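What follows is a single structure, written as structure tokens, with notes after it.
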2 protein chains.
Amino acid sequence: MTGSERVTAGGADVFAALASPVRRELTALLLGGPRSVNDLASHFEMSRPSVSEHLRVLRDAGLVSEERSGRRRLYRLEAEPLMEVSRWLSPYERFWRERLAGLRELLDEEDGDDHER
Amino acid sequence: MTGSERVTAGGADVFAALASPVRRELTALLLGGPRSVNDLASHFEMSRPSVSEHLRVLRDAGLVSEERSGRRRLYRLEAEPLMEVSRWLSPYERFWRERLAGLRELLDEEDGDDHER
DNA sequence: ACAATAGGTAGGAGATTCCCTACAAGTCAA
DNA sequence: TTGACTTGTAGGGAATCTCCTACCTATTGT
């Protein structure tokens, strides 16, 4: 009923794409720059086609783009969906800041007031 | 091989918990303060037991805690796992800032230099 | 005690995920 | 062209997810 629960950036759900540890590891690797599929796959125990499928999920979520270069395809990290995660997170960031501020206030109060024990 | 791909905060995977739109909606509702299960369930089409199960997933991920109050249980949003998401996000935040900085530089360059067309 | 309320749990059906092994298609090197 | 290389896709099996309808327990009010 709120009407703003979608976090998709035009494709599939970004959070769903990031739900897999393998795919988070892939995005972490791509933080260092574009890489080919074989390059990426060499960091995992699993088969290369499986890595390819994970890359497709990331691509459907807009988290990576592919660029054909000769017989290889370089996958590149894309910023937009990650920024969307950040925007989703910001109300919660306010939430925990208030919580921490309340905690500090409580501690300061005890310091300058009477307190048993 | 990197050794730091876990985002769990002591329980189950936080990203996996947030992968469901229903659970993100639940956390959004809890942003307004603790609520009972029936209260939360009234915002959804689905059955109350299903909402209960979603709440369990959130609880296993540490995203919510429950407090028994009479015959009701109040679910409360917890900050820690969300802060963990924020920490996970920060290297990517640096990444897209660099990207935007590069973009701006490019635009400034074109403004003060010769450019065909 | 009894009925009503609030919520967790069991068990199961249907959809989805995740991984695999073939196989096909495009590209480079000889 | 032939062969090696890089990648995507098809098809399938096991596991997990998501939702449901019962059903059970605990608490409150009368």
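Values below: all heavy atoms of this structure, side chains included; hydrogens, waters and symmetry mates excluded. Small disclaimer: the values here were computed from a predicted structure and weren't measured. Residue numbers start from 1 in every chain, and the chains themselves are labelled A, B, ... in the order their sequence lines are given, proteins ahead of strands.
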Report task. Return the 5'-most residue of the pair A/His54, B/Ser52 with respect to DNA chain C, ranking by each residue's nearest nucleotide. Result -> B/Ser52
Query raised in the report: Can you tell me how far P of D/dA26 sits from CD of B/Glu66, to the nearest Å?
Result: 14 Å
Report summary line: Residues at least two apart in sequence or cross-chain that pass side-chain hydrogen bond (donor to acceptor under 3.5 Å, both in side chains) with A/Thr27, listed by chain then number, are B/Tyr92
Enumerate the protein-to-nucleotides 13-16 of chain C contacts in which both atoms are nitrogen or oxygen and the separation is below 3.5 Å.
none

Query raised in the report: So, is B/Asn38 near the phosphate of C/dT5, with a side-chain N or O under 4.0 Å from OP1 or OP2?
Result: no
Query raised in the report: Could you give the distance from CG (A/Leu82) to CZ (A/Arg87), rounded to the nearest 0.5 Å?
Result: 10.5 Å
Report task. Take atom CZ of A/Arg99 as the centre, draw a 6.0 Å sphere, and report whether it contains more than 12 heavy atoms from other residues, nucleotides or ligands. Result -> yes
**Report entry** Which residues share a side-chain contact (heavy atoms from CB on, under 4.5 Å) with B/Glu93, sequence neighbours left out
**Finding:** B/Trp96, B/Arg97
Requested in this report: Go through the structure and list residues passing side-chain hydrogen bond (donor to acceptor under 3.5 Å, both in side chains) with B/Arg76, not counting sequence neighbours.
Outcome: B/Glu67
Report summary line: Rounded to the nearest 0.5 Å, the OG atom of A/Ser42 sits from the CG atom of A/Asn38 at a distance of 8.0 Å
Report summary line: note: B/Arg56, atom CZ; D/dT16, atom P; distance rounded to Å ~ 15 Å
Query raised in the report: Looking at residues at least two apart in the chain, or sitting in another chain, which of them share a salt bridge (charged side-chain N to carboxylate O under 4.0 Å, His left out) with B/Arg48?
Result: none
Requested in this report: Return the value, rounded to whole Å, for the distance between atom CD of A/Glu45 and atom C1' of C/dC20.
Outcome: 15 Å
Query raised in the report: Phosphate oxygens OP1/OP2 of D/dT6: is one of them under 4.0 Å from a side-chain N or O of A/Ser36?
Result: no
Report summary line: Sorted by chain and number, sequence neighbours left out, salt bridge (charged side-chain N to carboxylate O under 4.0 Å, His left out) with A/Arg104 holds for none
Query raised in the report: Rounded to the Å, how far apart are A/Leu18 CG and C/dT17 P?
Result: 14 Å
**Report entry** Residues forming a salt bridge (charged side-chain N to carboxylate O under 4.0 Å, His left out) with A/Arg35, sequence neighbours excluded
**Finding:** A/Asp39
**Report entry** Test side-chain hydrogen bond (donor to acceptor under 3.5 Å, both in side chains) applied to A/Arg71 - qualifying residues, sequence neighbours left out
**Finding:** none
Report summary line: DNA chain C nearest-nucleotide lookup for A/Met46 and B/Val37: closer to the 5′ end is B/Val37
**Report entry** DNA chain D: 5'-proximal contact among B/Gly70 and B/Ala19 (nearest heavy atom)
**Finding:** B/Ala19
**Report entry** Listed nucleotide nearest any side-chain atom of A/Arg72, set C/dC19, D/dT6, C/dT9
**Finding:** D/dT6
Query - Residues which pass side-chain hydrogen bond (donor to acceptor under 3.5 Å, both in side chains) with A/Ser52, listed by chain and number, not counting sequence neighbours - result: none
Query - Sequence-distant partners of A/Glu66, salt bridge (charged side-chain N to carboxylate O under 4.0 Å, His left out), two or more places apart - result: A/Arg59, A/Arg68, A/Arg73
Query raised in the report: Which part of the nucleic acid does B/Arg59 contact within heavy-atom distance under 4.0 Å: base, sugar-phosphate only, or nothing?
Result: nothing
Query raised in the report: Which part of the nucleic acid, if any, lies within reach of A/Arg68 when heavy atoms closer than 4.0 Å are counted: base, sugar-phosphate only, or nothing?
Result: nothing
Query raised in the report: Is A/Phe44 close to A/Glu25 at the side-chain level, that is, under 4.5 Å between some pair of heavy atoms?
Result: yes
Query raised in the report: To the nearest Å, how far apart are A/Leu55 CG and D/dT9 P?
Result: 11 Å
Query raised in the report: Taking only side-chain nitrogens and oxygens of B/Tyr75, does any of them come within less than 4.0 Å of OP1 or OP2 of C/dG8?
Result: yes
Query raised in the report: Quick one: A/Arg35 CZ to D/dT7 P, roughly how many Å, whole number?
Result: 13 Å
Report summary line: Of the candidates D/dC19, D/dT18, C/dC19, the side chain of A/Val22 sits closest to C/dC19
Query raised in the report: Taking atom P of D/dC19 as reference, at what distance in whole Å does atom CD of B/Glu25 sit?
Result: 13 Å
Report task. Mark up nucleotides 21-26 of chain C, 5' to 3', with B wherever a protein heavy atom is under 4.0 angstrom from a base atom, S wherever such an atom reaches only the sugar-phosphate, and - elsewhere. Result -> BB----
Report summary line: Those stems involving DNA chain C that have three or more consecutive Watson-Crick or G-U pairs, both distances under 3.5 Å, are C:1-30 with D:1-30
Requested in this report: Could you check how far CG of B/Asp60 sits from C1' of C/dT9, rounded to whole Å?
Outcome: 14 Å
